[in-house]
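Positions are given from 1, in the same order as the sequence printed here.
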Amino acid sequence: MQQKITEPAEAGGPCAGVGAATRTRARRGQAGSKGGGRRAGPPVGARGRGRGGSAQQSPATGGARGARRSAMSVESAGPGSGPLCPEHGQALSWFCCSERRPVCAACAGLGGRCRGHRIRRAEERAEELRNKIVDQCERLQFHSASIAKYVAEVLPGKSQRAVSTASAARELVIQRLAVVRSLCESEEQRLLEQVHGEEERAHQSILTQRVHWTEALQKLDTIRTSLVGMLTHLDDLQLIQKEQEIFERTEEAEGILDPQESDKLNFNEKCIRSPLLTQLWVTAVLGSLSGTEDVRIDERTVSPFLQLSDDRRTLTFNAKKSKACADAPERFDHWPNALAATSFQAGLHTWMVNVQNSCAYKVGVALGQLPRKGSGSDSRLGHNTFSWVFSRYDQEFRFSHNGQHEPLGLLRCPTQLGVLLDLQAQELLFYEPASGTVLHTHHVPFSGPLFPVFAVADQTISIIR
């Protein structure tokens, strides 16, 4: 008996021996109690003492068995050592499975309150609980062993892999940023050289013009002085004799034309145009902005061919002109246009529009002076000097301003369209929010506050907040 208990305890801990020994004794107790039926009496205590004696012969089972001996010693001490039934004053030697509580023999009898209930001996119930505790201890021990193995074997490997992966990730970040930094430095040098070259060219052109017009002034002054001298010092006959000279002088003076405006005398800002710089700048700006503008439609400007949602962010096209819209000076009465309620005069602003449901729309900015009435080009977005728009019609995309339409070769139809307005740089950009790709850039000196403007001739478009 000692060997059967000790070897499992060494292999799996003390609770393994406790479970085997206890389950063996539980089967013996159940076999001994089959002939007793539901009788109460001294055999319960006798069996308790027998188990107590058996437990004293196996000291190798550890603390769990000692706790069981203490509990069983209370049971075997007799009716006077444990709690009694408050109703009958008898020992609580039985267990009512229906009420889940210990009862005495009188409670379990024919006239007792537990009559008809399923009754079993209290010692059997206690033995069952002990076996459950031992089984739980075994499961806990196996669980502890699994956790210990995880801590001892898995976590060190995880830690080592995390260190190596982090090192590789760190190197990748450094490598990629080094490439970006090198590219940015090269682009910076190239653009600054172009700026310097353009500045030198404009300066040289201005110097050339200065020398030219200085000589022209001197020549004109000489001619004028000569003519004035003739006028003041020659008599009539001499003046007549000098007619040919006067004609030549006059013809020479008329050959000196007035100065004309020339782009060669201006600094060409296109020299700093760089797709790489624009893309990097847009990515940085979009990453640094806390959010998009809260753009809402001015319901007074909405065309009668459009329906405005309650939150004033969605425009829906209707082929039939609505009669519910009251005419107003601000309202577009022919083209399906609408202006935002807010204008921008300075700073950096961005907003986004969901355009995935529409195959015919326009998104951009417009001056407040944009005409609202009639079917002419004055009130048609992109066909006048008051509006700058990105437009789509079926599979064709273009940028339009003042009747000039620039086709845009997009590889796919954007589901969302972003507008970035930099009033300090006088720049208007359209981009795809999902990828940050710049779709078009337009530089122009704006002459006043700009309103976000929209038009839709198919389905709906919505401002994204």
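No salt bridge links R190 with E193; every basic N to acidic carboxylate O contact stays at or beyond 4.0 Å. Taking 4.0 Å as the cut-off between side-chain N and carboxylate O, R372 and D378 do not count as a salt-bridged pair. Using a 4.0 Å cut-off between charged nitrogen and carboxylate oxygen, R130 and D135 do not count as a salt-bridge pair.
Relative to the ring axis of F95, R125 places its NZ or CZ within 45° and under 6.0 Å from the centre.
Across all their heavy atoms, L408 and H440 have their closest contact at CD2-ND1, 3.6 Å. In this structure, T314 and S462 approach most closely via the heavy-atom pair OG1-OG, 2.9 Å. Residues R118 and S98 share a closest heavy-atom pair of N-OG, 3.7 Å.
For the residue pair Q136 / R139, a side-chain donor-acceptor distance below 3.5 Å is found, with atom types taken as modelled. When only modelled atom types and interatomic distance are considered, Q279 and T437 share no side-chain donor-acceptor pair under 3.5 Å. If you check the side chains of S387 and N384, you find a donor sitting under 3.5 Å from an acceptor. No hydrogens or angles considered: a donor-acceptor pair under 3.5 Å links the side chains of H443 and R273.
The ring pair (Phe, Tyr, Trp, His ring centres under 6.0 Å) pairs that include a residue from residues 310-347 are F344-H349, F344-W351, where partners are two or more places apart or lie in different chains. Listed by first and then second residue, the side chain to side chain donor-acceptor pair (under 3.5 Å) pairs that reach into residues 409-425 are R412-E432, sequence neighbours excluded.
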Steps toward salt bridge (charged side-chain N to carboxylate O under 4.0 Å, His left out) verdict (R120, E128): CA-CA 11 Å; R120 61 185 303 186; E128 180 183 346; 2.6 Å; yes
Salt bridge (charged side-chain N to carboxylate O under 4.0 Å, His left out) for D327 and K373? Distances and angles first, verdict last. CA-CA 10 Å; D327 190 22; K373 306 301 180 183; 2.9 Å; yes
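Centroid-to-centroid, the aromatic rings of F399 and H405 stay 6.0 Å apart or farther.
Side-chain contact between L191 and L277 is present, with heavy atoms from C-beta onward closer than 4.5 Å. No side-chain heavy atom of F386 sits under 4.5 Å from any side-chain heavy atom of V453. Contact of the S400 side chain with the H383 side chain is not registered, since no non-hydrogen atoms from C-beta on lie closer than 4.5 Å. Counting heavy atoms from C-beta on, the side chains of L428 and T441 never come closer than 4.5 Å. Counting heavy atoms from C-beta outward, E200 and H196 have side chains that approach closer than 4.5 Å. When side chains are defined from C-beta on, P452 does not count as touching L339, because their heavy atoms never get closer than 4.5 Å.
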Atom pairs and distances, donor-acceptor, side-chain atoms in residues 225-236, under 3.5 Å, two or more places apart:
| residue | atom | partner | partner atom | Å |
| --- | --- | --- | --- | --- |
| T225 | OG1 | D221 | O | 2.7 |
| T232 | OG1 | V228 | O | 2.9 |
| T232 | OG1 | G229 | O | 3.3 |
| H233 | ND1 | G229 | O | 3.0 |
| D235 | OD1 | L237 | N | 3.3 |
| D235 | OD1 | Q238 | N | 2.7 |

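Here the OH atom belonging to Y361 is positioned 5.5 Å from the CG atom belonging to L417, to the nearest 0.5 angstrom.
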